[in-house]
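Comments concern the structure below.
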Amino acid sequence: MEVKVFFFGGLAEITGEGCIRVPEVRDTDELIARLQVQYQALSQTRYRVVVNNRMIQENTSLDQQAEVALLPPFSGG
Amino acid sequence: MEVKVFFFGGLAEITGEGCIRVPEVRDTDELIARLQVQYQALSQTRYRVVVNNRMIQENTSLDQQAEVALLPPFSGG
Amino acid sequence: MAKKNRNDLFMPGAITPGFIAEILHQHRGRTEIGAHSIFLGQTRADDLGGKKVCAIEFTSYEAMALEAMQEIREKIFEKYALTCMHVHHSLGKVEVGGVCLFVLTSSPHRKAAMEACSETVERVKAELPIWGKELLDDDSHQWKAANRSAGMQDQA
Amino acid sequence: MAKKNRNDLFMPGAITPGFIAEILHQHRGRTEIGAHSIFLGQTRADDLGGKKVCAIEFTSYEAMALEAMQEIREKIFEKYALTCMHVHHSLGKVEVGGVCLFVLTSSPHRKAAMEACSETVERVKAELPIWGKELLDDDSHQWKAANRSAGMQDQA
């Protein structure tokens, strides 16, 4: 299995990617840990984590179709 | 001498006049007393009195060029 | 810049969407503005005991209204960090559905723009000598009262 | 009637005065409306340490934004006696002086219209996943922060 991870706003710039696929990942804690190794600037950045269009506060398990998004602070309007 | 008296909104309808001239009147108390005789419906009506574009609260003496206006409650907007 | 528009308060008839668009268009060059707050008062087809309002005919003590508006303008500019402010009110007949009051306040930031707009609307309604004659569908009329319904704070 | 306009949140580029006029024009038949409250967010030519903002390029997580907007809409309609509500936000590039956010709330009475407009603007800015990339006059850019200046409550 693999999950899709979307980066928005300044995070897309930091990672150089709009969307990546991450294989064999059980939950969001594991995913974030791996992303922080891959994109070191991520650990100095504020963002919120969304799984399947819902903001999450705690570690969340990821099923096969999971779509994860990392959202920097909003600045619309 | 005479003063000009303007009636606005519903007061113009009550008095049947937009503007009248009242001769030989010293102050607003005297003017109002005379108008209430002339237009009896006036005593059942709420209005404010303006002399030379300024709202007055107390009896005010009227000079020769005085313009008085009787204003029913505002309802713009 | 801020203190102009002294004598263009009144407009004959309804304030049209095209006129509003033109005012907005004129602000594109004011690039220090971040927020516009706009209030539009629209003539409502109120039901008055079975009779319907078809239009409102507005009259004013114009000289006094212009002075009162200038006073409001100065106080609002003292109190809020505004870039500009535009107020227009209809005179004459405005059919139901037509706009009879336009207030625009613009500022670098939204809080000032919104609070200034709200306060200006309240003051315009309370302090400008303007009267609305409601023309009803049976050809009778009634003088509009600012607070017609019991317990109603506003009549828009 | 009140709950429509679910998926027309986003517009490409600036929201034009002509588009706003068209929306206003469509409300002439809604004769139960007495008050419209409108907020416009305009792209500001901020000075960022000697560099000037020329434009803002907006992106969004659109699916989530539409859901969040629907949630805001429902809550605002529950709380205020509104006749209707329209919200539009730009995507892509908006030059300084261009409008990037449009909020219109309409009601029989002004208090509901104004309070609903203000609350909707706050919620749109806080809850919609939208990001602004400020394009500067030296061809560099910076990601817009909702509360850039210290002690500033709002950035319009």
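Within every chain, numbering begins at 1; the chains are lettered A, B, ... in the order of the sequence lines, protein sequences first and strands thereafter. What you see below is based on every heavy atom in this structure, not just the backbone, and it leaves out hydrogens, waters and symmetry mates. Predicted, not measured: the structure shown is a model, and the values here were computed from it.
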With a 4.5 Å heavy-atom cut-off, do I20(D) and T16(D) have their side chains touching? no

Residue T43(D) versus chain A: region with a heavy atom under 4.5 Å: neither

When only pairs under 4.5 Å are counted, which of K133(D), M64(D), E127(D), H89(D) shares the most heavy-atom pairs with chain A? M64(D)

Whether W143(D) and H141(D) hold their rings parallel, tilted or perpendicular, with breakpoints at 30° and 60°: perpendicular

In terms of the angle between their ring planes, are W131(D) and F74(A) parallel, tilted or perpendicular, with boundaries placed at 30° and 60°? perpendicular

Contact part of L101(D) toward chain A, heavy-atom cut-off under 4.5 Å: side chain, backbone, both or neither? side chain

Plane angle bin for Y61(D) and F8(A) - parallel if under 30°, tilted between 30 and 60°, otherwise perpendicular: parallel

With a 4.5 angstrom heavy-atom cut-off, is it the side chain or the backbone of A68(D) that approaches chain A, or both, or neither? neither

